[in-house]
Student: 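Take this structure, written in structure tokens, and hold onto it; I'll ask about it next.
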Amino acid sequence: MYTQGLDIKPGDKAIPLETGSSEAEQRFQERIDRDERIEPKDWMPEGYRKTLIRQISQHAHSEVVGMLPEGNWITRAPSLRRKAVLLAKVQDEAGHGLYLYGAAETLGVSRAELVEQLLSGKAKYSSIFNYPTTTWADIGAIGWLVDGAAIMNQIPLCRCSYGPYSRAMIRICKEESFHQRQGYEIMLTLARGSAEQKAMAQDALDRWWWPSLMMFGPHDADSTHSDQSMAWKIKRFSNDDLRQKFIDATVPQGEFLGLSFPDPALRWNEERQSFDHGEIDWEEFWRVIKGDGLCNRDRMRARNKAHDEGAWVREAAAAYAEKRAARARAAAE
Ligand code: FAQ
């Protein structure tokens, strides 16, 4: 199974830019250029297949690991309504993981293999889920900022050149949109509440702002895969372009909440019609990706525990499927 391991450095070129030299590759690129969708049975360059398996599986793992920070608050949600909404959201994330593992499987890799990559620590998942959720306001900040960043990144994926991925993203984006709204509503309630509640909202924004910006990936100049992924129309916008769009959309929302952003360099640039902002701590970004964030070990422990404890469910499902198949075989004889 293809994966980049955990030690990729900025500037490494993991997959050489496909030259389109063979006739098949040229025809493939022409289809991409015409905006045609590539389907599982179509011919595709090996690099295209591997890039998709890498990105889709990392995305699936992120959805599944992403259940953990919020799962932490299901038993402590402040009201029955908040609990029901949070439960629904976390269940949606599990569903997203399933659609995405399904989309990856159409590329000839098994879900069991991908899950094994995650559990053994070889596969990446989004850096954002290695930060702790220490107060209820973090649930608001995750919905508003993390789902907000996820949507900004994922709407263009609805037009990704690979059919099964692009179709999975349509439903995922609709659900992410509900998630973003529920998060913003929590932030609004806290920001309009007592001084203590407003301080909680501010503290959550302070802690989640920079990690949310990191979700978009390294600077374009340090992005290993962007050039090729954009040529193949897997990615439609660069990491920096999407990050900027997110900042431009989100800062006015924070201002409406009456909260401030933890970036003294953040200011409107009239000429660019966009916000200038400070530099991301890239050292922190790479450290978290390499497994040394605040919660990496906890997340891996929790996923492995859940997987081990769920073994009996997988065995029972397999035994039931086998029993039904045997019955069907006997009936056909
Ligand atoms: N974290 O060359 P690039 C969500 C890695 S879902 C960890 O720029 P690429 C829903 C990258 O994999 C959030 N690793 O890579 C939710 C590569 O390593 P590799 C997940 C990162 O693929 C909300 C290396 O750095 N979304 O939030 C990160 O062209 C709330 C070089 O980077 C997706 O997965 C990172 N932040 O662009 C759930 C969307 N950034 O593989 C629960 C689909 C980069 O060579 C609660 N993915 N890396 O070893 C994408 O759009 C792209 O994969 C990017 C990265 C934009 C993330």
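Order of appearance sets the numbers: ligands from 1, and atoms from 1 within every ligand. Please read all numbers here as calculations on a predicted model, not as lab measurements.
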Student: Under 3.5 Å, is there a donor on one side chain and an acceptor on the other for S110 and E105?
Tutor: no
Student: For ligand 1, is any non-hydrogen atom under 4.0 Å from M214's backbone (N, CA, C, O), its side chain (CB onward), both, or neither?
Tutor: backbone
Student: Report, in ascending order of atom number, the atoms of ligand 1 lying under 4.0 Å from any heavy atom of E63.
Tutor: 6 (S), 10 (C), 16 (C), 38 (C)
Student: Return yes or no for this condition: an N or O of E93 is under 3.5 Å from an N or O of ligand 1.
Tutor: no
Student: Is any side-chain N of the basic residue among K89 and E176 closer than 4.0 Å to the acidic one's carboxylate O?
Tutor: no
Student: Assess whether a salt bridge exists between E70 and K83, defined as any Lys/Arg side-chain N lying under 4.0 Å from an Asp/Glu carboxylate O.
Tutor: no
Student: One residue to check: E176. Relative to ligand 1, which of side chain, backbone, both or neither has a non-hydrogen atom less than 4.0 Å away?
Tutor: side chain
Student: For ligand 1, which atoms, with element, lie under 4.0 Å from some heavy atom of K235?
Tutor: 8 (O), 9 (P), 29 (O), 37 (O)
Student: Have a look at Y165, F129, F285, Y125 and point out the one with the heavy atom closest to atom 43 (C) of ligand 1.
Tutor: Y165
Student: Is T224 touching ligand 1 with its side chain, its backbone, both, or neither, if touching means heavy atoms under 4.0 Å apart?
Tutor: both
Student: Which bit of N239 is near ligand 1, meaning a heavy atom under 4.0 Å away: side chain, backbone, both or neither?
Tutor: side chain
Student: Kindly indicate whether the side chain of K305, heavy atoms from C-beta on, has any atom under 4.5 Å from the side chain of E309.
Tutor: yes
Student: Do any nitrogen or oxygen atoms of E70 come within less than 3.5 Å of a nitrogen or oxygen of ligand 1?
Tutor: no
Student: Check ligand 1 against F216 and write out every atom of the ligand that is under 4.0 Å from a heavy-atom position of the residue.
Tutor: 56 (C)
Student: For ligand 1, does H225 get within less than 4.0 Å through its side chain, its backbone, both, or neither, judged by non-hydrogen atoms?
Tutor: both
Student: Minimum distance, heavy atoms only, to atom 4 (C) of ligand 1: which one of P156, A150, S212, G71 is it?
Tutor: A150
Student: If only atom types and distance count, is the side chain of D220 paired as donor or acceptor with the main-chain N or O of D240 below 3.5 Å?
Tutor: yes
Student: Are D138 and R207 close enough for a salt bridge, meaning some N to O gap below 4.0 Å?
Tutor: yes
Student: Taking atom types as modelled, is there a side-chain donor on R37 or Y162 under 3.5 Å from an acceptor on the other?
Tutor: no
Student: Taking I56 as the fixed residue, which of L107, L114, T106 is the one that meets the side-chain contact (heavy atoms from CB on, under 4.5 Å) rule?
Tutor: L107
Student: Salt bridge or not between R297 and D292? Use side-chain N to carboxylate O under 4.0 Å.
Tutor: yes
Student: Taking distance alone, with N or O pairs closer than 3.5 Å, would you say S127 contacts ligand 1?
Tutor: yes
Student: Test M215 against S62 for side-chain contact (heavy atoms from CB on, under 4.5 Å), laying out the working first.
Tutor: CA-CA 11 Å; M215 284 176 72; S62 304; over 6 Å; no
Student: Does an N or O from S229, backbone or side chain, lie closer than 3.5 Å to an N or O of ligand 1?
Tutor: no
Student: Mind checking whether K89 contacts ligand 1 via backbone (N, CA, C, O), side chain (CB onward), both or neither, at a 4.0 Å heavy-atom cut-off?
Tutor: side chain
Student: Among Q58, Q180, K124, which one puts a heavy atom closest to atom 41 (O) of ligand 1?
Tutor: Q58
Student: Kindly assign one of parallel, tilted or perpendicular to the pair W268 and F275, based on the angle between their ring planes and the thresholds 30° and 60°.
Tutor: perpendicular
Student: Answer yes or no: does an N/O atom from D147 fall short of 3.5 Å to an N/O atom of ligand 1?
Tutor: no
Student: Using the ring of each side chain (for Trp, its six-membered ring), is W282 parallel, tilted or perpendicular to H219, with breaks at 30° and 60°?
Tutor: tilted
Student: Polar-atom distance check: N153 versus ligand 1, any N or O pair below 3.5 Å?
Tutor: yes
Student: Here's one to test your reading of the geometry: is the NZ or CZ of K245 within 45 degrees of the ring axis of F237 and under 6.0 Å from its centre?
Tutor: yes
Student: Short list, please: which atoms of ligand 1 are under 4.0 Å from a heavy atom of S223?
Tutor: 2 (O), 3 (P), 8 (O)
Student: Relative to the heavy atoms of V146, which atoms of ligand 1 are at a distance of less than 4.0 Å?
Tutor: 23 (C), 30 (C)
Student: Just jot down the ligand 1 atoms closer than 4.0 angstrom to any heavy atom of G66, in number order.
Tutor: 42 (C), 46 (C)
Student: What part of M67 sits under 4.0 Å from ligand 1 if we count only heavy atoms: the side chain, the backbone, both or neither?
Tutor: neither
